[in-house]
Asker: 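First the structure, which I've put down as structure tokens, then a few questions once you've had a look.
Along the sequence shown, residues are numbered consecutively beginning with 1. One-based numbering, in listed order, for ligands and for the atoms of each. Only this structure's heavy atoms are used, side chains among them; waters, hydrogens and symmetry mates stay out.
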Amino acid sequence: MERTMRTPIIAGNWKLNKTISESVALTTALKTLVVDETDVEIIVAPPFTALAAVNDVIVNSNIHLAAQDVYSEDSGAFTGEVSAPMLKDVGCGYVIIGHSERRQYFGETNESVNQKAKAALAHDLKPIICVGEQLEEREAGRTEAVIEDHVTGGIVGLSDTELLSCVIAYEPVWAIGTGKTATPDQAQEVHNFIRGLLTKAYAVEVASQVCIQYGGSVKPENATELMSQPDVDGALVGGASLEAESFAQIVKMAISS
Ligand code: PEP
């Protein structure tokens with residue numbers, strides 16, 4: 001199946017940045033800059049506190065809302081957590097799950113990623129499941145083993161329909177926030193490997209429709225080259241999503257054919 005079957009997705013992960021007023025200003029500027037963009041799914045992931053205000057700005061626009069995490073239970077005595085029904089209620093269509101910073105600093109595991117993905121899917125939220133190797137793992141020749149572990153562990157037990165609602169984000173940890181980017185060939189190699197893993201577990205018609213984003217120091221200077229690779233279906237953008245102009249430029253570079 002051709003890549004043209006997959007609409008590229010450009011998502012901005014704002015991490016622990018932006019107050020409510022800053023979030024509204026950024027989103028308002030972005031909305032104007034990308035108003036004419038079609039054939040690309042545009043997503044912003046502000047901090048929890050700004051989700052409602054950003055949703056008010058993007059309502060009836062071509063920008064979609066994501067949260068940066070979700071808890072696996074719907075409600076109960078889980079102080080500090082936010083559930084899938086709550087995210088749906090505030091206007092989210094997507095949720096980032098298993099970002100390397102959550103794996104590294106907050107004890108996220110493949111098992112919790114899988115539970116969170118299932119909770120999100122049960123409430124009609126699309127999970128953006130992040131996978132990626134650390135520098136030592138790449139240098140030790142373990143990239144494929146780590147990616148296989150993250151991908152298969154994250155999607156275990158998902159039906160065809162559920163997998164089709166998921167996005168996989170390949171984010172080599174050594175490229176996140178470091179200014180080092182995987183080369184287009186390195187990205188394509190891992191994306192192709194991920195596509196192969198999906199094809200082993202699901203019918204080719206299903207596996208070939210799953211969007212696989214690249215993330216790791218994507219900026220206007222390198223986005224076109226990365227996204228021109230056949231299995232790179234868009235980008236998960238950190239730093240460059242904090243400015244409307246640079247994020248909008250990356251959106252305009254999204255390649256769908
Ligand atoms: C990210 O946070 O997912 C990310 C890719 O960050 P950056 O673009 O800043 O490397």
Asker: Just let me know how Ala175 lines up against ligand 1, side chain, backbone, both or neither, with a heavy-atom cut-off below 4.0 Å.
Answerer: backbone
Asker: Among Glu133, Gln134, Glu137, Glu136, whose side-chain hydrogen bond (donor to acceptor under 3.5 Å, both in side chains) with Trp174 holds?
Answerer: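 It is Glu133; the other options fail the test.
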Asker: Can you tell me the protein heavy atom closest to atom 8 (O) of ligand 1 and the distance?
Answerer: Gly238 N, 2.8 Å
Asker: Which of the atoms of ligand 1 are close to Gly216, meaning less than 4.0 Å from one of its heavy atoms?
Answerer: 5 (C), 10 (O)
Asker: To which protein heavy atom is atom 5 (C) of ligand 1 closest, and what is the distance rounded to 0.1 Å?
Answerer: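 Here the nearest protein heavy atom works out to Glu171 OE2, 3.1 Å.
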Asker: If two hydrophobic side chains count as joined below 4.5 Å and joins carry through other members, does Ile9 share a cluster with Leu163?
Answerer: no
Asker: Heavy-atom contact under 4.0 Å between Ser217 and ligand 1?
Answerer: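 A heavy atom of Ser217 does come that close to ligand 1.
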Asker: For the CD atom on Gln104, are there more than 12 heavy atoms of other groups (residues, nucleotides or ligands in this structure) within a distance under 6.0 Å?
Answerer: yes
Asker: Is there a continuous path of hydrophobic side-chain contacts, each under 4.5 Å between heavy atoms, that joins Met86 to Leu121?
Answerer: yes
Asker: Give the atom numbers and elements of ligand 1 that come within less than 4.0 Å of a heavy atom of Gly177.
Answerer: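 Those atoms are 7 (P), 9 (O), 10 (O).
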Asker: Is the side chain of Thr32 donor-acceptor paired with the backbone N or O of Thr28 at a distance under 3.5 Å, no angle test?
Answerer: yes
Asker: Ligand 1 versus Ile176, non-hydrogen atoms closer than 4.0 Å: side chain, backbone, both, neither?
Answerer: both
Asker: Looking at ligand 1, is there an atom of it that comes within less than 4.0 Å of some heavy atom belonging to His99?
Answerer: yes
Asker: Please report the shortest heavy-atom distance between Ile97 and Ala120, naming the atom on each side.
Answerer: CD1-CB, 4.4 Å
Asker: Please state which protein non-hydrogen atom is closest to atom 2 (O) of ligand 1 and give its distance, to 0.1 Å?
Answerer: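 For this ligand atom, the closest protein heavy atom is Lys15 CE, 2.6 Å.
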Asker: What protein heavy atom sits nearest atom 9 (O) of ligand 1, and how far off is it?
Answerer: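 Answer for atom 9 (O) of ligand 1: Gly239 N, 2.8 Å.
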Asker: Mind checking whether Tyr94 and Trp14 sit in one hydrophobic cluster, side chains of I, L, V, M, F, W, Y counted as touching below 4.5 Å?
Answerer: no
